[in-house]
Amino acid sequence: MNFQKKHCVAMLLAGGQGSRLMVLTENTAKPAVPFGGKYRIIDFPLSNCVNSGIDTVGILTQYQPLELNEYIGNGQPWHLNRSHGGVQVLPPYARSKKSEWYKGTANAIYQNIPFIERYDPDYVLILSGDHIYKMDYAAMLRYAEEQDADCTIAVRTVPIEEASRFGIMNTNPDGSIYEFEEKPKHPKSTNASMGIYIFKWQILRQFLIADEEDPTSENDFGKNVIPALLAAGHKLYAYEFQGYWKDVGTIDSLWEANMELLGTDPAFNLDSEKGGKIYARNYALPSSFIAKSAKTVCSLIAEGCGIYGSVSHSIISTGCTVEEGAIVEDSVIMPDVFIESGVIIRHAIVGEGCRICRGAVIGGSFAEHEDKKISVIGKNKTIAANQSVKPGEII
Amino acid sequence: MTTTMGIIFANIYDSSLGELTNKRTMASLPYGGRYRQIDFSLSNMTNSGIRHIGIITKYNYHSLMNHIGSGQEWDLDLQEGGLEFMTPYAADHNASYRGKLDALNSAMNFLRVAKEDYVVLVDSGVLCAIDFRALVEDHIASGADVTVAVKDGISNGVKQLDMAVKVDKNSCVTDIAVDYCASKDYLASMGIFVISRELLIREVTEAVAHSRYRFERDLVLHGFANSGMKVNAYQYGSVALFNESTAEYFHNNLALLDYSVRNGLFRVPNRTIYTKVRNEVPVYYSENSEIDDCMVADGCVFEGKAFHSVFFRGVKLNKNAMVKDSIIMSDTVIGEGAQLEYVILDKEVVVRPGAKLCGTYDHPLVIKRGETV
């Protein structure tokens, strides 16, 4: 079979369990977690690829891959159903000599060297499937080419007091990286790595093989591969990204990122005119019906919903029903949730397919300055009539 | 196992919808917030296992082809069978049809090379979620030459029907009338017919050879009255909306605000209606918006007020604007303080701030696609 050469191939790390998302990732890989009413987290890096002209994407899956595989399908929603390239889901597989799970981020790419080789790429873009942002990878690639960098790492500026939570890139005035510190106690700079790398393929290949041969390595990009490249004197550059970016790896950050979609000029705008269109697999649902009894303010409501109750400052995803007399405030309701009358939901994330029965009360109210304790209901749960779910409780 | 193919006529009734079908076919007329009328015929066919479909269209078919594309949304992008467009250019002799028989005659090769036993023929003006499998089974069981799907409660002595049928207690057809303002005891043809492919080829060839071009009059009625053709009427019991005039189109859109109509069209198990995807963002309802009793498609941004209306995709309703009893198609912008009542805004219309547009329930005001008012 003939494979067309590709200038840049993207590899999307989608194997993480996302255990800090608790019940939301019990049976779902983190990249497949619903976001913003009709999207899933993986739609953001995938759409960014398409909007950046990258048409060959390998998706590395491992944890609970069924739903994610089904969601990606042949890649058609992202225009990635190509004869040459397109999207390919890459689970770990048994080899003749040995078979193993992906041991780390670098090992996952190492195991898929044959996939990348088919396209004979000049560059490989490494992405992760748990961030919400819009980014033009083509601009980053141009920067990598201009600097003739062996490795380019996207960074964003974080407040100095938070810098010790991130991988920090210490750079020279020309943007070249002289030091990488993983979660430093005393950070020297505020350039936090976003986990987005562009490597020259031939160099990455060589380092992946060396890393694999090192039994002490954790086979991780941040911990092992990047430091090894630096130690060997390769040219590493930091690419500064300005714009919205959010790691939605925790309940609080997932809730916050959803809330940041609200408003007439939201912190993160899904609109295609603001940094590109986000594509998603769309299901055949009719328009939403907003009844006379409904109140809908400061909210995003997706297709296929029937709203009869009161919804404010919330995200209501596809296929939900909010019955008359129910109240939903400051909450994220994932797809296909049925909320019966008399239910009150405040500061909560309700997982896909839940049924909240008559009179149940979920979560609570908080003053402006208070820490908001988000209640979470896992996928496909039923909350009994008049049951009470406390603020911060996870079911 | 019997096999069935489909033929969809895209242009029937174009002229009775005035401005709305000025630049598009009846089949590509937007309906219900996110659909085109042809979505119903195509979805009904694929949901009934019909995988070989010809679409006959004579003019204004650009928007139709654009909408359907490869047919992928309906799982019709197939190597074998799938969708075929039959435009006037594909016809070998004349550039415009004089009737459905003439159109079928132009598509004769499509019919001849097909292998299916039966053909379901569908117009684009009646919206329903019908099971064509049950229809074909009823046709076969009846032993009739032609079966027509019919609906009660449509004929009223005023509305002109393409074809009306009277049946006796045993559901046997006792009378057929065409182009007729039939009284209430007649059943209205839904423009849906079943006939065996071989008989269709014979009848079309015969009719056209005798300068007879109209399907209802010259094939069904003529056969029934003159040559002993056995006609079977299949009574459809669920929701069927006849969009054959501007007023009907207007009323039938607003009818979706009724739960039973909405459910009868969109929530029938295994009868999902598919349409083209647009990747719009969810609808945003701002602080001061007031939306009551409305159907709302994705991509809208609401800052104003709306009551008892249908909004298509990507509508911007600005502050203090008020929309009542109206049909607002995709990508329209309604300026601050504008007031609309009994209006159909076609796609991409811009309503200036403060404008007042008003029609009546039976004569809605139609604003042409792309106009600024």
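Side chains are part of it too, since the values below use all heavy atoms of this structure and drop only hydrogens, waters and symmetry mates. What you see is a predicted model, and the numbers here were worked out from it, not measured in a lab. In the text below, chain A, chain B and the rest are named by the order of the sequence lines, each starting its count at 1.
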Student: Answer yes or no: is there a side-chain heavy-atom contact under 4.5 Å between B:Tyr285 and A:Ser312?
Tutor: no
Student: Tell me which of these, A:Ala291, A:Pro266, A:Gly36, A:Gly37, has more heavy-atom pairs under 4.5 Å with chain B than the rest.
Tutor: A:Ala291
Student: Under 4.5 Å, heavy atom to heavy atom: which of residues 320-345 of chain B reach chain A? Give them by number, or say none.
Tutor: none
Student: Does any backbone or side-chain atom of B:Phe302 lie under 4.5 Å from a heavy atom of chain A? Answer side chain, backbone, both or neither.
Tutor: neither
Student: At under 4.5 Å between heavy atoms, what parts of residues 253-262 of chain B are in contact with chain A? List them by residue number.
Tutor: B:Leu257, B:Tyr259, B:Arg262
Student: Please check if the number of heavy atoms outside B:Leu78 that lie under 6.0 Å from its CG is greater than 12.
Tutor: yes
Student: So what's closer than 4.5 Å to chain A heavy atoms on B:Glu290: side chain, backbone, both or neither?
Tutor: neither
Student: With distance as the sole test, does B:Tyr284 use its side chain to make a donor-acceptor pair with the main-chain N or O of A:Gly263 at under 3.5 Å?
Tutor: yes
Student: Check whether more than 12 heavy atoms from other residues, nucleotides or ligands sit under 6.0 Å from atom NZ of B:Lys316, and answer yes or no.
Tutor: yes
Student: Specify the closest pair of heavy atoms between B:Arg267 and A:Leu285, including all atoms of both residues, with the distance to one decimal.
Tutor: NH1-CD2, 4.3 Å
Student: Return the CG to CH2 distance between B:Asn279 and A:Trp78, rounded to the nearest 0.5 Å.
Tutor: 9.5 Å
Student: Does atom CG of A:Asn74 have more than 12 heavy-atom neighbours from other groups under 6.0 Å away?
Tutor: yes
Student: Counting only non-hydrogen atoms closer than 4.5 Å, does A:Ile278 touch chain B with its backbone (N, CA, C, O), its side chain (CB onward), both, or neither?
Tutor: backbone
Student: Which residue out of A:Thr296, A:Ile316, A:Thr264 racks up the most heavy-atom pairs below 4.5 Å with chain B?
Tutor: A:Thr296
Student: Identify which of B:Cys294, B:Ala297, B:Ser286, B:Cys300 forms the greatest number of heavy-atom pairs closer than 4.5 Å to chain A.
Tutor: B:Cys294
Student: Between B:Val277 and chain A, with a heavy-atom cut-off of 4.5 Å, which part of the residue counts as in contact: side chain, backbone, both or neither?
Tutor: side chain
Student: Scan B:Asp293, B:Asp292, B:Ile291 and name whichever one has a side chain to side chain contact (heavy atoms under 4.5 Å, CB included) with A:Ile290.
Tutor: B:Ile291
Student: Has the side chain of B:Asp298 got a donor or acceptor atom that lies under 3.5 Å from a matching backbone atom of A:Ala302?
Tutor: no
Student: I need the minimum non-hydrogen distance between B:Glu280 and A:Lys38, along with the two atoms involved.
Tutor: O-NZ, 2.6 Å
Student: Is it the backbone or the side chain of A:Ile315 that comes under 4.5 Å from a heavy atom of chain B, or both, or neither?
Tutor: neither
Student: Answer yes or no: are there more than 12 heavy-atom neighbours, outside A:Lys295 itself, under 6.0 Å from its atom NZ?
Tutor: no
Student: When heavy-atom pairs shorter than 4.5 Å are enumerated against chain B, which of A:Ala280, A:Ala294, A:Pro77 gives the highest number?
Tutor: A:Ala280
Student: Report yes or no: does B:Arg34 contribute a side-chain atom to a donor-acceptor pair with the main-chain N or O of A:Ala284 at less than 3.5 Å?
Tutor: no
Student: Would you say NZ of A:Lys277 has more than 12 non-hydrogen atoms from neighbouring residues, nucleotides or ligands within 6.0 angstrom?
Tutor: yes
Student: How about A:Ser288 and B:Phe311: do any of their side-chain heavy atoms sit closer than 4.5 Å?
Tutor: no
Student: Can you see which heavy atom on B:Pro282 is nearest to which on A:Leu300, and at what distance?
Tutor: O-CD2, 3.5 Å
